Protein chains: 2
Amino acid sequence: MRWAPDARGRLERAAFDLFGEQGYAATTVPQITARAGLTTRTFFRYFADKREVIFGGDEIPRAAARLISEAPPELEPIDVIRLVLDEVAATRFDGRREETAAWRRMINADDSLRDRDARKRADLVAAARTAFVDRGEAQRSATIFAETGALIFHVALDAWLAEPEARPMGDTIAEIMTWVCVRRLEGTPLGS
Amino acid sequence: MRWAPDARGRLERAAFDLFGEQGYAATTVPQITARAGLTTRTFFRYFADKREVIFGGDEIPRAAARLISEAPPELEPIDVIRLVLDEVAATRFDGRREETAAWRRMINADDSLRDRDARKRADLVAAARTAFVDRGEAQRSATIFAETGALIFHVALDAWLAEPEARPMGDTIAEIMTWVCVRRLEGTPLGS
DNA sequence: CTCGTCGATGACACGGCATGTCATCAACGG
DNA sequence: CCGTTGATGACATGCCGTGTCATCGACGAG
């Protein structure tokens with residue numbers, strides 16, 4: 001069993017299987033590693049803690065930062081956000097609506113996973129902010145654009161998962177984006 | 001020592017003192033309770049976990065929800081946000097800039113506190129969303145307004161703490177709000 | 001083919017976190 | 001004066017997460 005391939009994958013599969021059978025909180029790390037044929041200590045070599053096996057490390061922040069930095073330089077930030085979110089929606093969520101919903105249900109059912117989920121959003125914002133700064137945005141506006149992108153994404157994901165009929169997530173994103181706008185300083189503030 | 005008054009307050013003070021002396025991670029719950037003259041078990045009767053002693057329970061979400069529900073009904077949501085944030089800034093942050101900065105530094109220095117901090121923001125959003133729904137907003141727009149309020153507040157707090165000279169936090173908030181706007185559906189989306 | 005290196009895993013110990021359970025004690029009302 | 005009630009102490013327990021060192025397989029050098 002030692003040196004069997006894909007230790008990380010085996011741990012992930014064993015974990016998700018057990019979480020589905022018993023729930024997240026009721027599943028212990030020794031249970032996961034026993035099913036994967038590894039020791040408890042090895043689990044913590046692949047995942048910083050039990051929560052991390054649910055989330056994909058820093059894959060999502062990395063992907064978002066890459067997409068932002070690869071966007072055409074002449075695009076306005078809000079259009080960069082649109083571009084990135086459409087790409088993410090099409091490649092990572094369309095066609096996986098039910099799995100995604102189950103994933104969100106599991107997170108929302110456990111307090112410690114809700115903590116980590118919120119933290120992951122903050123990490124995404126931080127990565128996106130850096131990417132906007134690299135595009136030449138000032139610190140403050142980069143932060144606001146990054147936060148706004150995360151806001152739209154989160155609201156759109158929740159809404160998309162709650163819809164009765166499956167449709168491309170990009171449609172939901174487009175609807176949400178008609179509600180939210182971000183302006184540069186010379187724009188007129190609303191509601192003053 | 002048993003039945004001495006204000007057990008919760010003693011625990012909070014002992015905790016903050018020790019966190020200041022040794023740092024958060026290096027301080028154990030038994031250390032805190034020993035200084036407060038209580039037992040470890042009692043700590044967990046007042047705080048759900050070691051992190052919670054840093055944050056004020058659900059006091060902030062409750063205060064925000066109350067302020068939103070007490071705002072004049074004729075106000076636009078963005079003006080409700082302005083009203084609430086100005087009130088919070090004036091009563092809870094102005095004059096406590098250095099303490100607040102130290103508090104934020106402690107949170108940012110520890111991973112588990114960053115998790116919880118992000119979660120607290122999500123809790124605030126949830127409470128504000130409910131309050132906006134009670135004002136008659138639709139679920140989706142209530143969510144967006146609540147998220148936007150939290151966004152403005154977080155960005156403004158960071159910016160305010162980073163400023164070289166102390167000034168009313170409301171000034172910083174006003175600046176941030178000139179950058180961000182939220183429109184109802186009939187408004188024109190920007191950047192399309 | 002053999003050996004030495006190197007990275008991955010096992011084995012073990014350990015402290016802290018968090019919770020369940022029951023006993024104990026002070027306050028308070030009758 | 002006593003019984004009730006709520007807060008606290010005392011104790012046991014299980015899991016989480018980490019440090020440390022031994023061990024094993026893969027792989028390249030000779």
Side-chain angles (χ1 to χ4, degrees), chain A residues 1-55 57-58 106-107 109-117 119-120, chain B residues 1-55 57-58 106-107 109-117 119-120:
Chain A
M1 192 70 84
R2 215 182 193 182
W3 277 210
D6 196 20
R8 185 188 182 97
R10 279 186 291 148
L11 287 169
E12 280 176 347
R13 280 187 294 277
F16 274 92
D17 289 350
L18 285 164
F19 294 162
E21 296 168 15
Q22 318 173 334
Y24 171 82
T27 302
T28 68
V29 174
Q31 280 180 319
I32 297 168
T33 53
R35 182 168 297 201
L38 295 164
T39 59
T40 302
R41 189 66 184 85
T42 299
F43 179 92
F44 292 104
R45 292 194 174 99
Y46 285 97
F47 305 99
D49 54 44
K50 186 178 155 191
R51 296 161 218 99
E52 277 299 296
V53 76
I54 304 292
F55 304 91
D58 59 348
M106 185 166 78
I107 292 170
D110 185 273
D111 267 350
S112 69
L113 292 179
R114 288 159 65 104
D115 279 26
R116 181 57 50 83
D117 182 56
R119 161 64 177 282
K120 289 295 180 180
Chain B
M1 190 70 81
R2 214 181 194 184
W3 273 232
D6 195 21
R8 183 189 184 98
R10 278 186 291 149
L11 286 169
E12 280 176 347
R13 280 186 293 277
F16 272 92
D17 289 349
L18 285 164
F19 294 161
E21 295 168 14
Q22 318 173 335
Y24 170 82
T27 303
T28 69
V29 174
Q31 279 180 321
I32 297 168
T33 53
R35 182 168 295 200
L38 295 164
T39 58
T40 301
R41 190 66 184 85
T42 298
F43 179 93
F44 291 104
R45 290 195 176 99
Y46 285 97
F47 306 99
D49 54 45
K50 187 179 157 192
R51 296 163 217 98
E52 277 299 297
V53 76
I54 305 292
F55 305 92
D58 59 348
M106 185 167 77
I107 291 170
D110 184 273
D111 265 351
S112 70
L113 292 180
R114 289 158 64 104
D115 278 28
R116 182 56 49 85
D117 182 56
R119 162 64 178 281
K120 289 294 180 182

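Side chains are part of it too, since the values below use all heavy atoms of this structure and drop only hydrogens, waters and symmetry mates. Note that the coordinates shown come from a computational prediction; the quantities given were computed from them, not determined experimentally.
Using a cut-off of 4.0 Å between Lys/Arg side-chain N and Asp/Glu carboxylate O, Asp111(A) and Arg119(B) are scored as salt-bridged. Ion pairing between a basic and an acidic side chain is recognised when a charged N comes within 4.0 Å of a carboxylate O; Arg13(B) and Asp6(B) show such pairing.
Straight-line distance from the CZ atom of Arg8(B) to the C1' atom of dA7(D): 15 Å, rounded to whole Å. In this structure, Asp111(B) places its CG atom 16 Å from P of dC17(C), rounding to the nearest Å. Put simply, CG on Asp6(B) is 10 Å from P on dT8(D), counting in whole angstrom units. As a whole-Å value, the separation of Ile32(B) CD1 from dG16(C) C1' is 12 Å. Whole-Å rounding puts the Asp115(B) CG to dC17(C) P distance at 16 Å. Protein atom CZ of Phe43(B) is 18 Å distant from nucleotide atom P of dA7(D), rounded to whole Å. The separation between Tyr24(B) atom OH and dG16(C) atom C1' is 11 Å, rounded to whole Å. Lys50(B) places its NZ atom 13 Å from the C1' atom of dC16(D), with the value rounded to the nearest Å.
Positionally, the nearest nucleotide of DNA chain D for Thr40(B) lies more toward the 5' end than for the other of Thr40(B) and Thr27(A). Mapped onto DNA chain D by nearest heavy atom, Arg41(A) and Thr39(B) fall at different nucleotides, with Thr39(B) at the one closer to the 5' end.
Residue Arg51(B) is classed as a sugar-phosphate contact, given heavy-atom separations below 4.0 Å to backbone atoms only. Within the nucleic acid shown, Phe47(A) has no heavy atom closer than 4.0 Å to any nucleic acid atom.
Between the side chain of Arg8(B) and the backbone N or O of Tyr46(B), at least one donor-acceptor pair lies under 3.5 Å. Between the side chain of Thr33(A) and the backbone N or O of Val29(A), at least one donor-acceptor pair lies under 3.5 Å.
Of the listed nucleotides (dG10(C), dC16(D), dC17(C)), dC17(C) has the atom at the smallest distance from the side chain of Phe44(B). In the set dG10(C), dC17(C), dG17(D), the nucleotide with an atom closest to the side chain of Leu38(A) is dG10(C).
The side chain of Tyr46(B) contributes an N or O atom lying less than 4.0 Å from OP1 or OP2 of dT8(D). Look at Thr42(B) and you won't find any side-chain N or O under 4.0 angstrom from OP1 or OP2 of dA7(D).
The side-chain hydrogen bond (donor to acceptor under 3.5 Å, both in side chains) test applied to Lys120(A) returns Glu52(A), not counting sequence neighbours.
Looking at Arg45(A), its side chain has no donor and acceptor atom pair within 3.5 Å of the base of dG17(D).
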